[in-house]
Structures are given as C-alpha cells and as structure tokens.
Amino acid sequence: MSITSEFLRRPLMTGAVAASSRRLALAMTEGIGLERARLVVELGPGTGVFTDAILARLAPGARLVAMELNPVLAARLSATRRDPRLTVVQGSATGLATAVGEPVDAVVSGLPWTVMPRERRGQIMDAVSAVLAPGGRFTTFAYLHASWTPPARHFTAELAHRFDRLERLNVVWANLPPAFVHRATGKP
C-alpha cells in the first residue's frame, strides 16, 4: 500500500499522489520548537514521513496526536509506529478540539489545502486556531507549481490574517513536486 494507490482509490480523501520527501519533512519540522513542545498535532500524516520527523525532535515526555481522515492510512500508521508518544486518530481535522482537549504547542499539517472547498478549509483553520496555544506554531506546505492559483493565493492570505507572523521558506527542490513551507506563529 502506498500513498499513490490510496490516492487512486480515494482521490477526494487522499490529497497527495506521492509521499513527501525527507527533505520536505525536515523543512516542515525545524524551527518550530518541537524540542520544547508538550503537545503537537499532525494533520494528514498519510504514510508518516512528517510523523517520523516530528517524533525525532520531540522530547521523551511529549505527545503527538496524528489525525488522518483516510481509514487505511490511519490504520497503517498505527500499525507501523510503536512510539508511546504517538496517538493516531482516524477522523476529520474539524474534530481537533475533541481529539486533543488542551492547548497545542505546534500543528504540522500535510493537508491538501488548495484542493478542499473553501468552507471546509475555513472550518479546519478555525479548529486549529481554537486549540493552538498563544504564540504556538503552525506549519504546512504548498506545491510550487500551484502557488500562483487563486486557491493557493487565498489560502496564503488567510494564513496571514489568522496568524501574528507568516514566513515562506525556500523551495524544497528535492520533493516531487517541489514545494515550499509556510511557517506561522499564533497570536500572543
């Protein structure tokens, strides 16, 4: 089972055709304070590339809650990762507050923001805003080839409006397709 086969089976539920690269995972997880975090959420972990990068940075007593909509990918992630810091939740990111129940230090998202309906995107971003601790970090990525599209531009504007600070990191060329990271800091 691969992310490609899941995309072909469930294209509306699985947003990526290929798994993200380790280089993109490194860019997604550095500089957001994971080493000091108590609770981190990952949205759309898929096959676990970002999950592994997050776990490599987390302190022994920290927790990672990974929320995956696709039941096959959620089950596989649970079965292949035996880290006691990891809890895999099969469900929508709109249920984030129920899944974590407390403020979150960082949210790492692999969700396909620009292909989901605007209303759904807003609901998920509302859920992220509701659980993110003051000054918490949010990170997600976008594909370079689609960055000029209206949905991508709207999403970037939405991030700038919702967060105190927004950075766009350099392009990760060692990813298929090339991507860049949005790194945001929550309002104090």
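All figures in this text were calculated on a predicted structure; none of them were measured in a lab.
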Self-check item: Other residues, nucleotides, ligands: >12 heavy atoms within 6.0 Å of Glu119 CD
Solution: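 Open.
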
Self-check item: Within 6.0 angstrom of Arg38 CZ, more than 12 heavy atoms from elsewhere
Solution: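 No, CZ of Arg38 has 12 or fewer neighbouring heavy atoms, counting only those of other groups under 6.0 Å.
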
Do the side chains of [X] and [Y] join up, straight or via other hydrophobic residues, at under 4.5 Å, putting them in one cluster?
| X | Y | value |
| --- | --- | --- |
| Val107 | Val181 | no |
| Ile32 | Leu159 | no |
| Phe180 | Val108 | no |
| Leu73 | Val89 | no |
| Val41 | Leu132 | yes |

Quiz prompt | Short N-O contact, Arg85 and Glu42, less than 4.0 angstrom | solution =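 Between Glu42 and Arg85 there is no salt bridge, as every charged N stays at least 4.0 Å from the carboxylate O atoms.
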
Quiz item: So, are Asp126 and Arg162 salt-bridged, with charged N and O less than 4.0 Å apart?
Solution: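 The answer is yes: the pair qualifies as a salt bridge.
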
Taking the side chain as everything from C-beta on, heavy atoms only, tell me whether [X] gets closer than 4.5 Å to [Y].
| X | Y | value |
| --- | --- | --- |
| Phe155 | Met116 | no |
| Leu34 | Arg137 | no |
| Leu86 | Ile54 | no |
| His154 | Trp113 | no |
| Leu111 | Thr140 | no |
| Phe141 | Leu169 | no |
| Asn175 | Arg23 | no |
| Met28 | Leu24 | yes |

Self-check item: side chain to side chain contact (heavy atoms under 4.5 Å, CB included) between Val104 and Val65, intermediate numbers included
Solution: CA-CA 10 Å; Val104 172; Val65 176; over 6 Å; no

Euclidean distance, [Y] [atom2] relative to [X] [atom1], rounded to 0.5 Å:
| X | Y | atom1 | atom2 | result |
| --- | --- | --- | --- | --- |
| Asn70 | Thr47 | CG | OG1 | 11.0 Å |
| Arg81 | Leu55 | CZ | CG | 8.5 Å |
| Arg22 | Asp52 | CZ | CG | 7.5 Å |
| His145 | Ser147 | NE2 | OG | 9.0 Å |
| Gln90 | Leu77 | CD | CG | 12.0 Å |
| Ser20 | Tyr143 | OG | OH | 5.0 Å |

[X] and [Y]: which non-hydrogen atoms are nearest, and at how many Å?
| X | Y | value |
| --- | --- | --- |
| Leu166 | Ala184 | CD1-CB, 4.0 Å |
| Leu96 | Ala127 | CD2-O, 3.8 Å |
| Thr114 | Ala152 | CG2-CA, 3.4 Å |
| Val88 | Ala74 | CG1-O, 3.6 Å |
| Thr185 | Gly135 | CG2-O, 3.7 Å |
| Gly186 | Asp164 | O-CB, 3.7 Å |

Check for a donor-acceptor pair, side chain of [X] on one end and backbone N or O of [Y] on the other, with a separation under 3.5 Å.
| X | Y | value |
| --- | --- | --- |
| Thr94 | Gln123 | no |
| Asp105 | Leu39 | yes |
| Glu35 | Arg57 | no |
| Arg183 | Glu30 | yes |

Quiz item: What's the verdict on side chain to side chain contact (heavy atoms under 4.5 Å, CB included) for Leu64 and Asp83, showing C-alpha distance, side-chain angles and the deciding distance?
Solution: CA-CA 10 Å; Leu64 170 60; Asp83 193 308; over 6 Å; no

Practice problem: Apply side chain to side chain contact (heavy atoms under 4.5 Å, CB included) to Arg63 and Glu102, showing your working. | Solution: CA-CA 12 Å; Arg63 290 180 35 224; Glu102 62 183 288; 3.1 Å; yes

Self-check item: Residue pair Val40, Leu58: steps toward the side chain to side chain contact (heavy atoms under 4.5 Å, CB included) verdict
Solution: CA-CA 9 Å; Val40 176; Leu58 280 186; 3.7 Å; yes

